[in-house]
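The block underneath contains the structure these notes are about, expressed in C-alpha cells.
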Protein chains: 2
Amino acid sequence: MTTRQRRFPTREELRIWRDYTETGEAVRAAMSARLQQASGLSPGDYAVLLALSEATGNRMRSSELAATIGWERSRLSHHLGRMEKRGLIRREECLTDNRGAEVVLAPPGLELFQGANRPHLRDIREIFVDALTPEQIVAAGEISAALRAHLAKE
Amino acid sequence: MTTRQRRFPTREELRIWRDYTETGEAVRAAMSARLQQASGLSPGDYAVLLALSEATGNRMRSSELAATIGWERSRLSHHLGRMEKRGLIRREECLTDNRGAEVVLAPPGLELFQGANRPHLRDIREIFVDALTPEQIVAAGEISAALRAHLAKE
DNA sequence: CCAAGCTGATTGACGTGTCAATTATGCTCG
DNA sequence: CGAGCATAATTGACACGTCAATCAGCTTGG
C-alpha cells in the first residue's frame, strides 16, 4: 500500500497546476484584449452593462447589482465612478431609501454593450469552444465544479 | 448534416465558459489569500523570489528574470521597486553592461520565501490536487495545453 | 421617543497591471 | 569614427482591486 496522504504535489502535478493557472491568465488576457479592441469595454464594464441591460427598466440598486455580478461593494463603487465619468451609466438617488443609489444604464452604455455583445460571444467560441473537443468542454465543466465544491468545503 | 460552423456558443457552452473563468478567479484568490496569510507575500513576490532562489548566486539580470517568470519588463520594474522598498531584494549595477541591473535576493527575502515554500506547496495540494481525481488532473493538463496551443495559433 | 447599532454606499490609501514615453548605454555599418 | 538603431531598464499616467475607515440614513429596544 503506497502512501495516499502525500505531503506535497508531485513534479507532474505541479507542472499541471502551473499550466492551469498560467493558461487561465492567458485566456483572460486574450479575451480582455479582444473585448477592449472591439468595443473599448473592459471585462468589468461588460459585466456591469450586461447585468443592467437585463434588469427591468435598465436600472438596479447598487447593492443588488453588486450581488448579481458577485463583486464587493467598494469595487463596484470605484468601477461605477469610472463608468459614470465616461457616460456609460448614471447614478440616481433611490426614492424608497435615501441611503441607496440606483444605477441606470445610459444610452451610450447600451449602445456600446450591444455592439460588443455579438463579437464577444464569437470570441468565446473562437478562444474557448473551438480550442477544445466536446469531451474536453464537458471535462472542463466538471473540473471547475469539482474545484469550486472543494473550495466551498474549506 | 448539421451546421458545424455555429456562430455562437450554446447555452451550455456559455455556462461552462463562465464556470471556467470564475473558478479560475476563485482558485487564484484562495491561493493568494493563503500565501499572503502564511507569509505576507503576494503571488508576484513569490514568483520573483522563487526564480531568484533558483538562480546561481541568488542573482539575475532584470530582463532574464522577466523572461523566466514571463512578465513584461515594466511590470517587473514596478514590482521590484515595491519589493526593494520592503527589503526583499536589492538592485545592483551590472558590471558587464552598464545599462543593465542585477536583482539580488536579500536575506529577508530568502527567509520569507523559505518560510512560504512548504505551506504554499501544501496549499496547491489542498486546493488543486485534492479537489480532483487523477484523471481530472490529467484532463486539466490537456485542456490547458489545448487552450494555449489554440491561442498561440491566432 | 431616541441612543445604539445596522446597513447602503462612498472614499482614501495602497498594491498591482498595462501602455507609451524616456533615458542611457551598447552596437553596427557606411 | 560617429550617426542611427537596438537594447536595458525605468518612469508616469491611468485602470483595476482590496481593505479599512467613514458617513448618512434606517431601525429597534428600553
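Letters go in sequence order (proteins before strands), and every chain restarts at 1.
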Listing request: all side chain to side chain donor-acceptor pair (under 3.5 Å) pairs with a residue in residues 59-71 of chain B, at least two apart in sequence or in separate chains. B:Arg59-B:Glu92, B:Arg59-B:Glu102

To the nearest Å, give me how far apart CG (A:Leu80) and C1' (C:dG8) are. 13 Å

Spacing of B:Ile124 atom CD1 and B:Arg34 atom CZ [to the nearest 0.5 Å]: 11.0 Å

B:Val103 and its side-chain contact (heavy atoms from CB on, under 4.5 Å) partner, picked from B:Leu52, B:Leu76, B:Asn58: B:Leu52

Those residues at least two apart in sequence (or on a different chain) that pass side chain to side chain donor-acceptor pair (under 3.5 Å) with B:Glu54 are none

Near-strand residues of residues 103-115 of chain B, defined as heavy-atom separation under 4.0 angstrom from DNA chain D: none

End-to-end bend of the helix from C:dC1-D:dG30 to C:dG30-D:dC1 (five-pair axes, 10° rounding)? 10°

So do A:Gln36 and A:Leu41 actually touch side chain to side chain, heavy atoms under 4.5 Å? no

Please compare A:Arg99 and A:Leu76 by the position of their nearest nucleotide in DNA chain C and report the one closer to 5'. A:Arg99

Do the side chains of B:Ile127 and B:Leu35 join up, straight or via other hydrophobic residues, at under 4.5 Å, putting them in one cluster? no

Separation of atom CG in B:Asn98 from atom C1' in C:dT25, rounded to whole Å: 7 Å

Can you tell if the side chain of A:Leu14 reaches within under 4.5 Å of the side chain of B:Leu121, non-hydrogen atoms only? yes

Applying side chain to side chain donor-acceptor pair (under 3.5 Å), which residue pairs with at least one partner in residues 43-52 of chain B are found, sequence neighbours left out? B:Ser42-B:Asp45, B:Asp45-B:His79, B:Asp45-B:Arg86, B:Tyr46-B:Asn117

Cationic N near anionic O, under 4.0 Å, B:Arg90 to B:Glu84: no

Do you see a donor-acceptor pair shorter than 3.5 Å between the side chains of B:Glu135 and B:Thr133? yes

Are any protein N/O atoms closer than 3.5 Å to N/O atoms in nucleotides 11-15 of chain C? If there are, list each pair with its distance.
residue, atom, partner, partner atom, Å
C:dG12, O6, A:His78, NE2, 2.6

Sub-4.0 Å heavy-atom contacts from residues 44-65 of chain B onto DNA chain C, ordered by number: none

For A:Val138, what are the other residues in its hydrophobic cluster, where any two members join if their side-chain heavy atoms are less than 4.5 angstrom apart? none

A:Trp71 atom CH2 is separated from C:dT10 atom C1', nearest whole Å, by 16 Å

Say you draw a straight line from CZ of B:Phe128 to CD of B:Gln136; how long is it, rounded to the nearest 0.5 Å? 10.0 Å

Boundaries of the DNA chain D segment in contact with chain A, non-hydrogen, under 4.0 Å: D:dA15 to D:dC26

For A:Arg75, which residues count as a side chain to side chain donor-acceptor pair (under 3.5 Å) partner, sequence neighbours excluded? none

Test side chain to side chain donor-acceptor pair (under 3.5 Å) applied to A:Arg18 - qualifying residues, sequence neighbours left out: none

Closest-nucleotide mapping onto DNA chain D: is B:Glu102 or A:Asp97 further toward the 5' terminus? I mean the 5' end. B:Glu102

What pairs with A:Arg148 under side chain to side chain donor-acceptor pair (under 3.5 Å), at least two apart in sequence or on another chain? B:Glu22, B:Thr23

